[in-house]
2 protein chains.
Amino acid sequence: MEKQENNSNNSENEENNNSEGLEALLNNAKWTDSQLEEVIRLIYGKRCPQLSLSNDLLEASMGSGFEIKGFQIKALEEQCRRPRNVRVAAIQNKIVLPTSAPIIQQREAIHQRVGIMIDIAARAGAQIICLQEAWPMPFAFCTRERLPWTEFAESAEDGPSTKFLSSLAKKHGIVIVSPILEREENKDGLIWNTAVIISHTGTIIGKTRKNHIPRVGDFNESTYYMESLLGHPVFETAFGKIAVNICYGRHHPQNWLMYALNGAEIIFNPSATISGLSEALWPIEARNAAIANSVFTVAINRVGTETFPNEFTSGNGKPAHKDFGHFYGSSYVAAPDGSRTPGLPRNKEGVLVVEIDLNLCRQTQDSWGFKMTQRLELYAQSLTNYTKPGYKPQIVKEK
Amino acid sequence: MEKQENNSNNSENEENNNSEGLEALLNNAKWTDSQLEEVIRLIYGKRCPQLSLSNDLLEASMGSGFEIKGFQIKALEEQCRRPRNVRVAAIQNKIVLPTSAPIIQQREAIHQRVGIMIDIAARAGAQIICLQEAWPMPFAFCTRERLPWTEFAESAEDGPSTKFLSSLAKKHGIVIVSPILEREENKDGLIWNTAVIISHTGTIIGKTRKNHIPRVGDFNESTYYMESLLGHPVFETAFGKIAVNICYGRHHPQNWLMYALNGAEIIFNPSATISGLSEALWPIEARNAAIANSVFTVAINRVGTETFPNEFTSGNGKPAHKDFGHFYGSSYVAAPDGSRTPGLPRNKEGVLVVEIDLNLCRQTQDSWGFKMTQRLELYAQSLTNYTKPGYKPQIVKEK
């Protein structure tokens, strides 16, 4: 039951926080080789070949205290198109300083940390890197306090995080998706949950905003910002057409659908979500979106426990507490054919680099035919009818 | 890659066909108790308590050569509503006689077999039982031959399968969902893929039809029948409001959505699908639908390999063959909170009885707020725009 397990931050099972995740447990299971292959097939759809990463890279990431994993997801060869291999990377990280440190120092410490991870991802060949939701800050919306947390909001166009990443994007010739808390300086100073898409040239291609805002447990985000009015933009980058479905938007199949209908072949889902709340949903939703829409999806979650100076309650009758619970990482990439990569750990920072062949999108679409058979004209009409006052549900009773 | 693995009926890995499934492998893994609990939490969302089944029932099912499994999915107690516990059952079975036997004998043999399984499910307390797609026949659509297979089509109102199940429904006081190949006698003799909803009184509450028809691999169904024109009806039974999303409709999130918007609290997904094609998708789609719509879903797949008298090809360049591949069973129930039961085996007939508390639907909806935040008016408009000629995707390019 959701309510029972909800917001159990302050009473959470320690073991769960320490659990490294499914991948480590499967490796410890003492199966025969063929049993392990069958488990991998049943859990991940198929085994993704590992990407060969140099010892230098493995040592550099180990030395910096995070894990790097690499996989490949291949497509068939075609006659009229060459393979369109792209290396995408997901970065999951912890905050660095305590939340009581000065705002600018907190942000700069995260910049420095994530900068190292981006450098290593780029050395591993990553061409499009997506960071976690609101990456330059702790996820402070649980507190419902305005100051100092709203000071983390920054301009999407020329704020410190955009400037920092623009230089890295240009240096490495890579696209970076940067989810931040945005202050819209030239429009009433409103705050938004925004992702900035930075080109491999270092310029900004555009921005997109969170379409669905949670009002659940410690996710008091609608206290700070409202739902996006920017629609479902897709960004044409040097390495492919991408979209960004921010966090809670992954619960909404129609949100994924519209990004795909606008032409996205990769949809990133930068998130911040905790154990005891959403973990049963995590392996399902982004993978279902990849299947339903014949696209690649990249699900990214932050990791670690964030503690705040003042106590707050969770709207669940439990005593006040100061921590937001355990962000369980577990970032992964899902493919249109229903397969997925193993995840990053639940309890460690990490970089996941996956080489995907975008040709798999159209190949799967042509093979399964979901788009051809999805009858959108029927649902356009049904939803239009449903949203009118006085809608009568189609209910059949025994005569 | 879909195409590579698609329709591999005639070259399928024998080991996969013999594999009993994930549950058996997890039980053989030699983990510590706490490791096993963590694996179950990560794979199933939580551990569902087992339903206590009498030795009589266990022996009866074992004696009849099928497995019976029982689980509970509980909700919180409420002050203003009593628990609304309902026992639902999924039945997965093989055909009985060779496909070369006379049609009526084939059907009667399946009737007899499934009758035994229904009796045992009812003795286990099942109140709503759903059978697999086109249960009184082999899944012969792979052949593209008309005769004799279209002879399996029968009247939804008074065909032999409806009559057979009506008497069982009345005898046990249970609701039965009966997915059949329908011959619409009074409308041009058209054929449909239909589910008949039979009341606990033995009368027919109504019928619903398959909304999305596959055109993939050996699933040549659009050769025989077209998409339903009956919309998304929900049936008010003595034990709850139910809907039926037949087979390939599970790939379409909007299909599940409309059943839920019309008030369904349980959506059955009677299916017929094979290893090498859809198995990576199977654990994901019905479970995602339960999450996204705050409903229970019941995914049911037939089991076994069906061989036909004449060879046929699969549209994949491979040699002609006579079998449809291995139907992998693996039926399961998913809950609105994202958890699910373990599945029935991949390679054995089985009855899955699950006691669910329907109160979990509204509790989860209130807790997560997905319905409140799903912005259907936005998507009604977006889909309407999309389906008009000349739609311009929202694409942003570097300036």
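Here is the naming used below: chain letters follow the sequence lines, and residue numbers restart at 1 for every chain.
For the residue pair A:S199 / B:E398, a side-chain donor-acceptor distance below 3.5 Å is found, with atom types taken as modelled. For the residue pair B:E377/A:T387, the side-chain donor-acceptor check at 3.5 Å is not satisfied. Counted by atom type alone, B:T373 and A:H252 present one or more donor-acceptor pairs between their side chains at under 3.5 Å. Side chain to side chain, B:N262 and A:Y386 fail the donor-acceptor criterion of an N or O pair below 3.5 Å.
In terms of heavy-atom pairs under 4.5 angstrom with chain B, the leader among A:L261, A:V39, A:L376 is A:L261.
Heavy atoms of B:K388 lying under 4.5 Å from chain A are absent altogether. For B:I213, the part lying near chain A is the backbone, with the side chain staying farther off; criterion is any non-hydrogen pair under 4.5 Å. Of the atoms belonging to B:F235, heavy atoms from both backbone and side chain fall under 4.5 Å from chain A. Both the backbone and the side chain of B:N255 come within contact range of chain A, each with at least one heavy atom under 4.5 Å from a heavy atom of that chain.
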Could you walk me through whether A:I43 and B:I43 pass the side-chain contact (heavy atoms from CB on, under 4.5 Å) check?
CA-CA 8 Å; A:I43 293 182; B:I43 294 181; 3.7 Å; yes
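Annotation: A:F370 is in aromatic contact with B:Y248 [ring centroid separation under 6.0 Å].
Annotation: side chain of A:L257 is in contact with side chain of B:L383 (closest heavy-atom distance under 4.5 Å).
Without hydrogens or angle criteria, B:Q394 side chain to A:L230 main chain gives a donor-acceptor distance under 3.5 Å. A:R375 places a side-chain N or O within 3.5 Å of a backbone atom of B:N211 that can act as its donor or acceptor partner. A distance-only check finds a donor-acceptor pair linking the side chain of B:W31 to the backbone of A:L25 [under 3.5 Å]. No side-chain donor-acceptor contact under 3.5 Å links A:E236 to the backbone of B:K397.
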